[in-house]
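Everything numeric in this text was worked out from a predicted model, so none of it was measured.
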Amino acid sequence: MVALNGLLSPAVAVGSIAASLNTSSLNKRTGSISSGCGTTGALSCSSNAKGTCCFEAPGGLILQTQFWDTSPETGPTDSWTIHGLWPDNCDGSFSEDCDPSRDYTDISSLLTAQGASSTLSFMEQFWLNDPDDGSNEELWEHEWATHGTCYSTLQTSCLPEGSPKGAEAVAFFEQVVTLFQTLPTYEWLTNQGIKPSTSTTHTYSALTAALEAEAGVIPALNCDGSDLDEIYWYFHLRGSVIDGEFVPISAPEKGDCPSSGIKWLPKN
């Protein structure tokens, strides 16, 4: 992997994520805690067991979602940006806003206070809100409150004794960043000869085939009309969100992009 402004760049050492990802070994997360779960337990969605601190349920179908914003543009011109990490139920349904008592605010201060300043620096470059929708802090607060509070493995009862308030949210943001860094969607598309253009159009199948050739799995593609603007990468999880093993899988359903005439517009 190569460095990007002192941080781990969104690139992987091999051209595929088809192998399982034990994200705790991908980088040194200075603010991170240990779940104590290991990665030898059951894979999420492999049974109807109830969620525990070491088995993610019911939200065991996990989506790492990314934006491609062009109007207005957000983030680097040669990278997608983070949307979130969502725990869908194994049947595709989902819950949201699971614990309002943990709707933390001022995420920047929370991360800094718990030693995750490098995670915050990365978020300030690659996890950006559409300015028409609000501040970056508002997006981060929304993603934690709406999705992060729904993980069974991130309940406060799962934390090591003596953990500071909000430690589970810090672990969530660290894990989102770490997982995103293994999913260089822009690089994978350009490796396959697909580049942003105001005129070139693509079929859905051509785009997903290109990404499958790089990643080993097929994501879901979403569009604003015919303009590609979002991608969902799917995983099952063995162990805890904090430091578990994310196992890439192909999307269980197609995204909402049309079958043809898709444009991947440049940001600039």
Same apolar cluster: [X] and [Y], side chain cutoff 4.5 Å:
X: Ile231; Y: Tyr186; value: yes
X: Ile249; Y: Trp188; value: no
X: Ile242; Y: Tyr104; value: yes
X: Leu85; Y: Val217; value: yes
X: Ile82; Y: Ile107; value: yes

For residues [X] and [Y], determine if any side-chain heavy atom of one lies less than 4.5 Å from a side-chain heavy atom of the other.
X: Ser240; Y: Tyr151; answer: no
X: Gln66; Y: Glu230; answer: no
X: Met123; Y: Val177; answer: yes
X: Leu111; Y: Phe173; answer: yes
X: Gln175; Y: Phe246; answer: yes
X: Ser108; Y: Leu120; answer: yes
X: Leu43; Y: Leu237; answer: no
X: Phe126; Y: Ser121; answer: no

Is a side-chain donor or acceptor of [X] paired with a backbone partner of [Y] at a separation under 3.5 angstrom?
X: Asp88; Y: Leu61; answer: no
X: Ser44; Y: Gly60; answer: yes
X: Glu56; Y: Ser152; answer: yes
X: Asn136; Y: Leu128; answer: no

Hey, is CG on Asp132 packed in by over 12 heavy atoms from elsewhere, all under 6.0 Å?
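Yes - once you tally the heavy atoms of other residues, nucleotides and ligands closer than 6.0 Å, there are more than 12.
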Counting neighbours of NZ on Lys254 that are heavy atoms of other residues, nucleotides or ligands and sit closer than 6.0 Å, is the number greater than 12?
yes
In Å, rounded to the nearest 0.5 Å, how long is the span from [atom1] of [X] to [atom2] of [Y]?
X: Ser79; Y: Gln125; atom1: OG; atom2: CD; value: 9.5 Å
X: Asp103; Y: Asp97; atom1: CG; atom2: CG; value: 6.5 Å
X: Asp133; Y: His142; atom1: CG; atom2: NE2; value: 10.0 Å
X: Asp99; Y: Gln155; atom1: CG; atom2: CD; value: 6.5 Å
X: Phe55; Y: Thr153; atom1: CZ; atom2: OG1; value: 11.0 Å
X: Leu221; Y: His202; atom1: CG; atom2: NE2; value: 11.0 Å

Just by distance, no angles: are the side chains of Thr105 and Glu141 close enough, under 3.5 Å, to form a donor-acceptor pair?
no
Looking only at side-chain N and O atoms, does Thr74 offer a donor or acceptor that is under 3.5 Å from a partner on Asp69?
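Yes, side-chain donor-acceptor contact under 3.5 Å.
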Trace of the side-chain contact (heavy atoms from CB on, under 4.5 Å) decision for Leu179 with Phe235:
CA-CA 10 Å; Leu179 197 57; Phe235 297 84; 3.9 Å; yes
In sequence, state the C-alpha distance, the side-chain angles, and the governing distance for Glu143 and His83, and then conclude on side-chain contact (heavy atoms from CB on, under 4.5 Å).
CA-CA 8 Å; Glu143 290 300 313; His83 187 172; 3.5 Å; yes
Out of Thr65, Leu183, Thr185, which residue meets the side chain to side chain contact (heavy atoms under 4.5 Å, CB included) rule with Trp80?
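Filter result, single survivor: Thr185.
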For side-chain contact (heavy atoms from CB on, under 4.5 Å), just list the numbers for Glu124 and Phe122, CA-CA rounded to whole Å, side-chain angles, deciding distance to a tenth of an Å, and then say yes or no.
CA-CA 5 Å; Glu124 290 171 339; Phe122 192 91; over 6 Å; no
Is it true that Cys53 and Cys37 have SG atoms closer together than 2.5 Å?
no
Which heavy atom of [X] sits nearest a heavy atom of [Y], and at what distance?
X: Asn268; Y: Thr77; result: CB-CG2, 4.4 Å
X: Tyr204; Y: Pro258; result: CB-O, 3.6 Å
X: Pro219; Y: Ala251; result: C-CB, 3.8 Å
X: Ala57; Y: Lys50; result: CB-C, 4.1 Å
X: Cys150; Y: Ser95; result: SG-O, 3.7 Å
X: Lys263; Y: Thr200; result: CG-O, 3.6 Å

Disulfide bond (SG atoms under 2.5 Å apart) partners of residues 238-268, not counting sequence neighbours, each pair once:
Cys223-Cys257
Check this for me: does any side-chain nitrogen of one of Glu168 and Arg102 sit under 4.0 Å from a carboxylate oxygen of the other?
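Counted as a salt bridge, because a side-chain N and a carboxylate O are separated by less than 4.0 Å.
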Can you say whether the rings of Phe172 and Trp127 are parallel (under 30°), tilted (30 to 60°) or perpendicular (over 60°)?
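Ring orientation, 0 to 90° scale: tilted.
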Tell me whether the NZ or CZ atom of Lys267 lies within the 45° cone about the ring axis of Trp68 and under 6.0 Å from its centre.
yes
Using the side-chain contact (heavy atoms from CB on, under 4.5 Å) rule, take Thr70 and Asp227 through it: C-alpha gap first, then chi angles, then the decisive distance, then the call.
CA-CA 10 Å; Thr70 60; Asp227 298 338; over 6 Å; no
What about the rings of Trp86 and Trp233, do their centers lie closer together than 6.0 Å?
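Ring centroids of Trp86 and Trp233 are no less than 6.0 Å from each other.
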